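Worksheet for the structure shown next.
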Amino acid sequence: NAGVTQTPKFQVLKTGQSMTLQCAQDMNHNSMYWYRQDPGMGLRLIYYSASEGTTDKGEVPNGYNVSRLNKREFSLRLESAAPSQTSVYFCASKGQGAHEQYFGPGTRLTVT
Amino acid sequence: GEDVEQSLFLSVREGDSSVINCTYTDSSSTYLYWYKQEPGAGLQLLTYIFSNMDMKQDQRLTVLLNKKDKHLSLRIADTQTGDSAIYFCAESPFASSASKIIFGSGTRLSIRP
């Protein structure tokens with residue numbers, strides 16, 4: 001099992017450009033999450049998906065959209081990147097009734 | 001609102017015990033977690049405690065929960081260089097759904113020789 005995979009690992013965008021961060025899990029988990037991590041602020045939830053076909057806003061959803069393409073994949077889209085979106089983005093997944101969220105290795109995004 | 005607070009840094013000597021503290025505000029929190037993040041990696045669950053417990057021990061790790069003061073601590077006995085990481089405290093009202101987990105800002109643990 002690969003666990004949770006994320007692509008790309010690094011990305012530099014110019015202000016106004018768009019991009020999609022990809023996440024996939026092979027653990028048959030129902031729930032998937034997107035977080036951003038900024039220095040001194042811990043992880044903040046952007047969006048989550050309780051199951052295939054559903055998505056919900058988290059703490060900081062503005063400027064982002066998500067798609068739960070199927071049970072395995074949950075993508076995060078920045079339509080018009082801003083410097084404030086410079087961050088490390090983590091995808092995570094969790095099985096039904098489980099305690100542990102499994103995290104991907106992260107995508108480091110810089111918006112100039 | 002929900003909030004989880006931790007100090008940002010802790011430095012201990014190799015072989016000593018490390019104690020990382022956390023306070024939370026949501027009295028409905030059912031599960032409290034400690035996650036570890038090594039450099040360049042995602043978070044990994046270290047341990048968790050259910051809110052009706054006071055203490056949980058797992059090898060070198062001891063978790064203490066004071067529900068009255070909403071205070072959680074993680075003690076690492078015989079701290080080793082491999083314990084250098086950022087440790088996140090987190091809370092969740094329940095684990096049976098996709099409900100949110102609220103993370104603290106993380107405590108960076110550094111080990112002195």
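Throughout, a chain's letter reflects where its sequence line sits, starting with A, and its residues are numbered from 1. Keep in mind that this is a model prediction, so the values were computed, not measured.
Atom CZ of B:Arg108 has 12 or fewer neighbouring heavy atoms from other residues, nucleotides or ligands inside a 6.0 Å radius. Within 6.0 Å of the CZ atom in B:Arg13, the count of heavy atoms belonging to other residues, nucleotides or ligands does not exceed 12. More than 12 heavy atoms of other residues, nucleotides or ligands lie within 6.0 Å of OH in A:Tyr64, so this atom counts as buried by the packing criterion. Heavy-atom neighbours of B:Gln44 CD from other residues, nucleotides or ligands within 6.0 Å: at or below the threshold of 12.
Contacts between A:Gln6 and chain B at a heavy-atom distance below 4.5 Å are absent for every atom of the residue. Using a 4.5 Å cut-off between heavy atoms, A:Leu43 touches chain B through backbone and side chain atoms alike. Looking at B:Gln6, there are no atoms closer than 4.5 Å to chain A (heavy atoms on both sides), in backbone or side chain. If you measure heavy-atom distances from A:Tyr35 to chain B, the contacts under 4.5 Å come from the side chain alone.
Linking Ile, Leu, Val, Met, Phe, Trp and Tyr whenever their side-chain heavy atoms come within less than 4.5 Å puts B:Tyr48 and A:Leu45 in one cluster.
Residues A:Gln101 and B:Tyr35 come closest through the heavy atom pair N-OH, 3.0 Å.
The CD atom of A:Glu100 sits 10.5 Å away from atom OG1 of B:Thr47, with the distance rounded to the nearest 0.5 Å.
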